[in-house]
There are 2 protein chains.
Amino acid sequence: MVRDKEETKARILAAVGKLLAESGFQQLGINAIAREAGVDKVLIYRYFENLPTLLQTFGKEGNYWLTVEELVGDEATIEAEALEKWMSLLLVRFLRDLQQRSITQEILRWELLEGNELTQELAQVRDRMATDSLKFLNQKCAFPPDKDIPAISAVLIAGIVYLVLRTKISPTFLGIDFSSPSGWQRIEAAILSLVEATVQNDEL
Amino acid sequence: MVRDKEETKARILAAVGKLLAESGFQQLGINAIAREAGVDKVLIYRYFENLPTLLQTFGKEGNYWLTVEELVGDEATIEAEALEKWMSLLLVRFLRDLQQRSITQEILRWELLEGNELTQELAQVRDRMATDSLKFLNQKCAFPPDKDIPAISAVLIAGIVYLVLRTKISPTFLGIDFSSPSGWQRIEAAILSLVEATVQNDEL
DNA sequence: TATCATAGTCACCAGTTGGTGACAAGTCAG
DNA sequence: CTGACTTGTCACCAACTGGTGACTATGATA
């Protein structure tokens, strides 16, 4: 038709993104991608050798995570804030950002039940970003030695991820309604109170 | 062969459990179940009308969750303990129990990416059990009005679930190694410190 | 204009899936 | 023993999956 290799490749990659975002990785097969892209599937095999390699290039092209800089944002200039302020700020930002990224959510779902090389590679990228954020935090205001800040962060981040992933399927969890903003406000408030209470009493 | 309807039905249900526990619900098809049970698949259609109905009866037969009583256990007799003690106790028990229940883990994975009637029904059972635990907690030691204990619990439970679900796939998260018990000890300690710090200062 | 590599099309393959109809083999009542 | 019913077996179906070989259409170059 268009006889343009690059555009065809782009259409294929775009189809991957669209399918991934709207129907998850379960429907993500060669045939479905070809159908969505309006492209013969043999071209997928020609341009991207495999479905794994196709997904690999798709994974490399996109930015599915906030970088530390984006996460920190303008406030990076502010100095000498308290640790708990920084933590709750970053966590809430992470929450709000993740809610917007449907593809990232699907990748996280995918990670949760398949141990591909692809998902593991994506997981490595994510983990590096997360530990980088921790490093940033630590050099911003040093972690109190009596608190295991990484473990605490792990629990909270895990909770955020799980709650965000759940809302696509079910609007309630533990009697909290996540279809309305007020449910999320309660979660954000809970994160704030958890972080402030746990991390704050450094000086006591 | 054996010409015993009830045993055949039991074998089919057992095959569902085994497949679900070891390879998840993605491999859970009629053919796979029949293969695993060593039974012709037409019998599945005869005894359980459908695959959904088969899974439904399977779901009804099993106890995939601790009841409140089991969760509370012997300590139910102890009175007038502090709320934060109770919460951390229940949360850590929930964590340890969930780690043992591979089928429950698969159900949770399933819930996370399919909104069947079946998964929603199972989710309702789970949610009721969780809210019952909250009620129990509340009447044991009334929630402080300035803290949103349900929301705090939701974040922590969600974190626990996510971390447990993750470990089957990837042994690390945020630089924490979950293949060794020490990683889980850090998590348990983090939960403890989070709960104690956040809930404790009721009297202050 | 003839050549030739490239882009795209089409038909096919084997394997698997959920699902069904026809039939053999036991079992039990009359 | 005969008939009826249940349990289990086998063969088949359409639809779909990932994957491939052979083909045509196109455009640039010589």
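Below, chains carry the letters A, B, ... as their sequence lines are ordered, and counting in each starts from 1.
For the pair A:Arg46 CZ and C:dT6 C1', the computed distance is 8 Å after rounding to whole Å. As rounded to whole Å, 13 Å separates atom C1' of C:dA24 from atom CG of B:Asp40. Protein atom CD1 of B:Ile44 is 12 Å distant from nucleotide atom P of D:dG8, rounded to whole Å. Here the P atom of nucleotide C:dC28 and the NZ atom of B:Lys5 are 15 Å apart, to the nearest Å. Put simply, CZ on A:Arg35 is 12 Å from C1' on D:dG18, counting in whole angstrom units. The distance from atom CZ of A:Phe48 to atom C1' of D:dG19 is 17 Å, rounded to the nearest whole Å. If you take OH of B:Tyr47 and C1' of D:dG8, they are 7 Å apart, rounded to a whole angstrom. Rounded to an integer number of Å, the gap from B:Leu28 CG to C:dG18 C1' is 13 Å.
In the displayed structure, B:Lys168 atom NZ is contacted under 6.0 Å by more than 12 heavy atoms of other residues, nucleotides or ligands.
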**OP:** Output, in order, the C-alpha distance, side-chain angles, deciding distance and verdict of side-chain contact (heavy atoms from CB on, under 4.5 Å) for B:Lys140 and B:Phe136.
**Re:** CA-CA 6 Å; B:Lys140 206 76 185 171; B:Phe136 166 83; 3.8 Å; yes
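Taking the six-membered ring where the residue is Trp, A:Phe178 and A:Phe173 present tilted rings, their angle falling between 30° and 60°.
A salt bridge links B:Arg166 with A:Glu111; the closest basic N to acidic carboxylate O contact falls under 4.0 Å. For the pair A:Asp97 and A:Arg101, the salt-bridge criterion is met [side-chain N within less than 4.0 Å of a carboxylate O].
Listed nucleotides C:dA7, D:dG18, D:dT7 differ in distance to A:Tyr45; the shortest reach to its side chain belongs to D:dG18. The side chain of A:Val42 sits closest to D:dT20 out of D:dG8, D:dT20, C:dG19. The side chain of B:Ile30 sits closest to C:dG19 out of C:dG19, D:dT7, D:dG18. Candidate nucleotides D:dA22, D:dG18, C:dG19 were compared by shortest atom distance to the side chain of B:Lys41, and C:dG19 ranks first.
For D:dT7, neither phosphate oxygen OP1 nor OP2 lies less than 4.0 angstrom from any side-chain nitrogen or oxygen of B:Thr8. The shortest distance between the side-chain N/O atoms of B:Asn31 and the OP1/OP2 oxygens of C:dT16 is not below 4.0 Å.
Across all strands, B:Leu43 comes closer than 4.0 Å to base atoms (heavy-atom distances). Contact annotation for A:Val39: no contact, since no heavy-atom pair falls under 4.0 Å across all strands.
A donor N or O paired with an acceptor N or O is not found under 3.5 Å between the base of C:dG8 and the side-chain atoms of A:Arg3.
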